[in-house]
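Note sheet for the following structure.
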Number of protein chains: 2
Amino acid sequence: MKVSHEVSALRQRFPDLVFEAGCPSRVLLDHVMSKWSPLVLLALAEGGTLRWSELRRRAEGVSEKMLAQTLRTLVDDGLVAREAHPVVPPHVDYALTPLGRELTDLLSPLMVWAFDHAGAILGVEPPPARRD
Amino acid sequence: MKVSHEVSALRQRFPDLVFEAGCPSRVLLDHVMSKWSPLVLLALAEGGTLRWSELRRRAEGVSEKMLAQTLRTLVDDGLVAREAHPVVPPHVDYALTPLGRELTDLLSPLMVWAFDHAGAILGVEPPPARRD
DNA sequence: GGAAGTACCCACTTTGAAGTAAGGTACCCA
DNA sequence: TGGGTACCTTACTTCAAAGTGGGTACTTCC
């Protein structure tokens with residue numbers, strides 16, 4: 001039984017109460033699930049090594065500030081590796097670390113699932129006859 | 001190759017740009033990754049059918065307002081089923097729908113991963129000698 | 001009659017994430 | 001001399017999510 005297996009893995013980590021706000025896993029999840037992180041991570045999962053300007057193009061709509069902030073967080077967390085070449089004009093490469101790859105391997109099925117079900121779930125918001 | 005397979009599944013859905021803000025998958029992801037949704041979903045994955053008061057206890061720190069709001073969203077999205085028994089005092093049961101179970105099957109490995117790596121990742125924030 | 005229990009809703013305030021706009025560096029080329 | 005390129009940073013503003021503190025309904029028990 002796959003489900004029971006999943007649940008037991010959960011149980012080991014979150015005994016009775018699940019996990020309180022502010023605990024490390026929440027913080028990490030917040031990093032990973034911030035507005036632009038998934039886009040950056042998936043872009044790197046798809047595209048391999050990418051430079052700053054290429055990431056800006058792929059994460060459509062991201063501002064320079066948010067891209068910098070997102071990348072900084074991911075680099076600090078050890079999920080993305082940053083390699084700056086000392087040339088002019090600047091050339092900086094970003095790529096997933098092995099840890100980052102572990103993450104995207106778990107993250108992308110979730111994104112694919114969300115993509116596949118989003119229309120049905122959000123489109124068919126059943127008429128709000130919810131009240132008892 | 002597992003990774004290539006994942007990536008090709010991604011590619012099919014997010015051709016060159018990944019996906020713009022405001023698209024349905026973002027909205028769904030935001031629902032699922034809001035502050036309390038993962039706790040509620042995992043609590044239901046672990047605990048099966050739970051009633052309101054039990055959920056309040058498990059999602060340590062949640063306010064009544066936020067629990068109500070979170071549950072309402074999840075119910076509207078068809079991830080959680082709500083069953084109100086017409087007794088006094090009120091008795092309302094919540095449980096995952098099959099769709100919700102699909103989600104938690106993808107979500108819980110991510111949470112487990114986050115739990116296992118959070119300490120190392122956040123604790124070892126390497127001394128900020130990041131600048132070139 | 002009034003307190004207690006359960007599952008909520010509503011109005012207001014606070015917080016923090018994201019957006020905007022502007023500047024900054026370091027070098028090359030015209 | 002003064003653009004132009006690529007990679008950022010900082011200061012200020014905005015806005016939605018979350019928090020706070022109340023209220024409600026219905027019935028049973030004391």
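Because the structure is predicted, anything quoted here is derived from the model rather than measured. Every chain is numbered from 1 and lettered A, B, ... according to where its sequence line falls, protein lines coming before strand lines.
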For B:H91 and D:dT27, give me the distance from atom NE2 to atom C1', rounded to whole Å.
16 Å
Modelled atom types, side-chain donor and acceptor of A:T73 and A:T70, under 3.5 Å
no
Between atom CE in A:M66 and atom C1' in D:dT14, what is the gap in whole Å?
14 Å
Mind calculating the distance between CG (A:L67) and P (D:dC7) to the nearest angstrom?
10 Å
Taken to the nearest whole Å, CH2/B:W36 to C1'/D:dG19 is 10 Å
Which is more 5' along DNA chain C, the nucleotide nearest B:Q69 or the one nearest A:S34? Just name the residue.
B:Q69
What's the CD-P distance between A:E64 and D:dT10, to the nearest Å?
14 Å
If we only count heavy atoms from C-beta on, is the A:R58 to A:R56 side-chain gap below 4.5 Å?
no
Rounded to the nearest angstrom, tell me the gap between atom NE2 in B:H85 and atom P in C:dG5.
21 Å
Nearest to the side chain of B:R51 - C:dT6, D:dG19, C:dC8?
C:dT6
Residue met sooner reading DNA chain D from 5', once A:V88 and A:W52 are mapped to nucleotides:
A:V88
Between B:E54 and B:R51, is the closest basic N to carboxylate O distance under 4.0 Å?
no
Return the value, rounded to whole Å, for the distance between atom CZ of A:R57 and atom P of D:dT5.
14 Å
B:R26 CZ to D:dA16 P, in whole Å, measures 16 Å
Just call it for B:S53: base, sugar-phosphate, or nothing, with non-hydrogen atoms closer than 4.0 Å on any strand.
sugar-phosphate
